[in-house]
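Quick one: structure below, then a few questions.
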Amino acid sequence: MTTPTPKTVLVVDDEPAIRLIVRASLASAGYVVKEAGTTELAADAMNAATQPFDLIVLDLTMPGGSGEAFIPIVHAQSPTSKVLVFSGAFNGDALDIGADGFLAKPFTRAELLEAAEKALAAA
């Protein structure tokens, strides 16, 4: 019997504390997690990865490049990757901007894990 390959996640947020919390929460649930503090670094991480990330967890509000503007880049570079966006200020429909899920800040570990699973399962 083979062990399933863990899902890979790229966490993109300009706040180191948020990245740490999200990374720790996902890693403790068995995900392999990388992180980036800007959308530019996230694009570099996507280019450097040997396999596409299964999930991109993306803050929508960041200086130097909005998460919303990065979603089409994710879809172009990595069409199989799912995108879970999170924000404390976003009021729109995340699906309308190309995301596979939305999580409102602040959120709990359980809410994060549930949102990640739903985004990964999105068609």
Side-chain angles (χ1 to χ4, degrees):
M1 186 164 147
T2 60
T3 305
T5 304
K7 299 289 186 188
T8 58
V9 181
L10 177 61
V11 178
V12 187
D13 194 305
D14 61 304
E15 296 181 51
I18 299 292
R19 289 196 315 268
L20 174 67
I21 291 166
V22 172
R23 183 185 73 221
S25 296
L26 292 169
S28 71
Y31 293 93
V32 174
V33 184
K34 301 287 183 190
E35 59 182 84
T38 66
T39 55
E40 293 83 12
L41 291 172
D44 291 345
M46 290 170 58
N47 286 331
T50 57
Q51 298 285 338
F53 288 97
D54 295 300
L55 180 65
I56 312 293
V57 179
L58 176 65
D59 186 12
L60 286 180
T61 310
M62 293 184 288
S66 80
E68 188 172 341
F70 189 63
I71 293 172
I73 295 167
V74 171
H75 290 305
Q77 278 190 251
S78 185
T80 61
S81 296
K82 302 296 184 175
V83 179
L84 170 63
V85 295
F86 58 89
S87 176
F90 182 68
N91 293 319
D93 187 343
L95 300 179
D96 288 345
I97 61 170
D100 297 291
F102 174 74
L103 185 60
K105 286 183 182 178
F107 50 82
T108 66
R109 178 184 182 276
E111 290 168 335
L112 170 63
L113 296 177
E114 180 181 345
E117 287 299 316
K118 283 184 179 178
L120 285 165

Legend entry - Cluster link Phe107 to Leu55, ILVMFWY, side chain under 4.5 Å: yes
Legend entry - pair Met62-Val12: side-chain heavy atoms closer than 4.5 Å: yes
Inset, instruction - Indicate if Phe53 and Leu120 have the same hydrophobic cluster label, given that clusters are the connected sets of ILVMFWY residues with side-chain heavy-atom separations under 4.5 angstrom. - result: no
Inset, instruction - Check whether Val9 and Ile18 end up in the same hydrophobic cluster, where Ile, Leu, Val, Met, Phe, Trp and Tyr are linked by side-chain heavy atoms less than 4.5 Å apart. - result: yes
Legend entry - Asp14 side chain vs Thr38 backbone, donor-acceptor pair below 3.5 Å: no
Inset, instruction - Please check if the side chain of Lys82 supplies one atom and the backbone of Ala122 the other of a donor-acceptor pair under 3.5 Å. - result: yes
Inset, instruction - Mind checking the OG-OH spacing from Ser25 to Tyr31? Nearest 0.5 Å is all I need. - result: 11.5 Å
Inset, instruction - Output the distance between atom CD (Glu68) and atom OG1 (Thr39), rounded to the nearest 0.5 Å. - result: 12.5 Å
Legend entry - Rounded distance [0.5 Å steps], CD1 in Ile56 versus CE in Met46: 5.0 Å
Legend entry - Side chain Thr8, main chain Val32, donor-acceptor under 3.5 Å: no
Inset, instruction - Dump the intermediate steps for side-chain contact (heavy atoms from CB on, under 4.5 Å) on Ile21 and Leu112, then the final yes or no. - result: CA-CA 10 Å; Ile21 291 166; Leu112 170 63; over 6 Å; no
Legend entry - Donor-acceptor contact below 3.5 Å, side chain Ser66 vs main chain Leu60: no
Inset, instruction - Group every Ile, Leu, Val, Met, Phe, Trp and Tyr by side-chain heavy-atom contacts under 4.5 Å, then state whether Phe102 and Val74 land in the same group. - result: yes
Legend entry - Minimum heavy-atom distance between Gly30 and Pro6, given as atom pair plus value: O-CB, 3.3 Å
Inset, instruction - Find out whether Leu26 and Leu113 are in side-chain contact, i.e. whether some heavy atom of one side chain is under 4.5 Å from a heavy atom of the other. - result: yes
Inset, instruction - Could you pull out the closest heavy-atom pair between Leu10 and Ala42, with the gap in Å? - result: CD2-O, 3.7 Å
Legend entry - Side chain to side chain, Lys105 and Asp13, heavy atoms closer than 4.5 Å: yes
Legend entry - Main-chain N/O of Val83 paired with Asp100 side-chain donor or acceptor, under 3.5 Å: yes
Legend entry - From CG (Leu58) to CZ (Phe86), nearest 0.5 Å: 7.5 Å
Legend entry - ILVMFWY network linking Ile97 to Phe70, side-chain heavy atoms under 4.5 angstrom: yes
Legend entry - Spacing of Leu103 atom CG and Glu114 atom CD [to the nearest 0.5 Å]: 9.5 Å
Inset, instruction - Check whether any side-chain N or O of Ser28 sits under 3.5 Å from a backbone N or O of Ala24 as a donor-acceptor pair, and report yes or no. - result: yes
